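The block underneath contains the structure these notes are about, expressed in structure tokens.
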Amino acid sequence: KQEVTQIPAALSVPEGENLVLNCSFTDSAIYNLQWFRQDPGKGLTSLLLIQSSQREQTSGRLNASLDKSSGRSTLYIAASQPGDSATYLCAVPEGGGADGLTFGKGTHLIIQP
Amino acid sequence: GAGVSQTPSNKVTEKGKYVELRCDPISGHTALYWYRQSLGQGPEFLIYFQGTGAADDSGLPNDRFFAVRPEGSVSTLKIQRTERGDSAVYLCASSSDRGVNEQFFGPGTRLTVL
């Protein structure tokens with residue numbers, strides 16, 4: 001059964017810093033990997049999806065990389081802003097691409113103004 | 001609608017009661033998922049529908065939990081004889097299930113069992 005781990009569990013940095021969030025998974029035979037953002041009391045917002053054949057995806061100040069063989073993904077946030085404060089979750093399908101997702105516990109990020 | 005919607009946003013019930021939670025997926029999405037999220041944890045998969053049928057219900061914790069999607073669009077998660085441990089946020093997601101399979105989530109229903 002797939003297990004997903006996110007490090008660190010919490011992170012607090014001053015505004016303007018570049019930062020990296022880490023995600024690891026135990027079964028490298030993944031179909032894709034998805035990064036989400038969750039604001040307090042809200043649902044999940046999809047940030048980036050990386051297909052298994054891709055090594056990275058970019059959206060604005062966000063860049064996600066995927067190394068299937070080592071079971072790792074990173075989410076890079078450039079020039080962080082207070083509005084980036086949220087919990088960031090990574091998830092992979094349990095089996096095939098249409099399967100339910102297995103999530104990490106998330107990284108709680110605070111950007112200090 | 002533009003996104004996934006869920007009703008009610010909050011539900012408070014007493015132990016032993018029956019509850020229904022509703023999910024309206026993005027129009028045209030054939031795949032629909034239910035998850036449960038406890039405080040401080042990531043969402044936990046419950047059940048996945050492809051069209052009207054449950055393709056994978058391996059995440060349902062016990063037989064008190066049941067979900068339907070009779071017309072392949074709206075889905076209802078049903079919980080019988082609720083217990084205090086059922087208190088959580090119940091999230092619904094949908095996907096077009098064509099190619100990318102990106103899942104889009106609704107705002108969730110916060111269930112509190114007293």
Side-chain angles (χ1 to χ4, degrees), chain A residues 1-10 21-25 30-54 57 59 64 66 73 75 86-109, chain B residues 2-7 9-10 21 23-26 29-51 53-60 67 75 88-110 112:
Chain A
K1 183 173 166 62
Q2 182 74 266
E3 291 183 8
V4 178
T5 303
Q6 291 189 246
I7 295 173
L21 308 182
N22 297 290
C23 171
S24 62
F25 42 93
I30 61 169
Y31 188 83
N32 59 43
L33 184 145
Q34 211 168 338
W35 281 94
F36 295 89
R37 167 188 174 134
Q38 187 171 33
D39 294 283
K42 305 291 186 183
L44 278 65
T45 299
S46 179
L47 296 174
L48 290 163
L49 182 145
I50 311 177
Q51 298 279 47
S52 61
S53 58
Q54 298 174 317
Q57 279 279 21
S59 176
L66 175 63
S73 176
L75 180 66
T87 296
Y88 291 80
L89 296 147
C90 70
V92 295
E94 182 61 36
D99 285 357
L101 298 175
T102 297
F103 283 83
K105 292 184 178 182
T107 294
H108 181 53
L109 176 64
Chain B
V4 178
S5 62
Q6 293 185 245
T7 55
S9 55
N10 281 284
L21 311 179
C23 173
D24 279 88
I26 293 172
H29 278 192
T30 56
L32 185 147
Y33 307 81
W34 283 99
Y35 296 84
R36 178 168 71 173
Q37 186 175 28
S38 301
L39 194 62
Q41 304 293 315
E44 176 187 23
F45 168 73
L46 296 176
I47 185 170
Y48 148 52
F49 286 90
Q50 185 59 256
D56 181 0
D57 64 358
S58 62
L60 295 177
S75 176
V89 175
Y90 290 81
L91 296 164
C92 175
S94 70
S95 140
S96 67
D97 194 32
R98 287 190 174 86
V100 174
N101 295 327
E102 185 174 5
Q103 293 189 25
F104 298 91
F105 280 74
T109 293
R110 181 175 298 278
T112 303

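Protein chains get the first letters and strands the later ones, always in sequence-line order, with residue 1 at the start of each. It should be emphasised that the depicted structure is a prediction, and the values quoted were computed from it without experimental measurement.
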Check [X] against [Y] and note the closest heavy-atom contact, atom names and distance.
| X | Y | result |
| --- | --- | --- |
| A/D99 | B/Y48 | OD1-CE2, 4.2 Å |
| A/Y31 | B/N101 | CE2-ND2, 3.6 Å |
| A/Q34 | B/E102 | NE2-CG, 3.1 Å |
| A/L89 | B/G42 | CD2-CA, 4.1 Å |

Between OG on residue A/S46 and CZ on residue B/F105, distance to nearest 0.5 Å: 9.0 Å
CD (A/Q54) with more than 12 external heavy atoms under 6.0 Å: yes
Under 4.5 Å from any heavy atom of chain A - which part of B/E44: neither
A/L44 and B/P43, any side-chain heavy atoms less than 4.5 Å apart: yes
Within-4.5 Å side-chain heavy-atom neighbours: A/T102 and B/F45: no
Proximal component of A/Q38, with respect to chain B [non-hydrogen, under 4.5 Å]: side chain
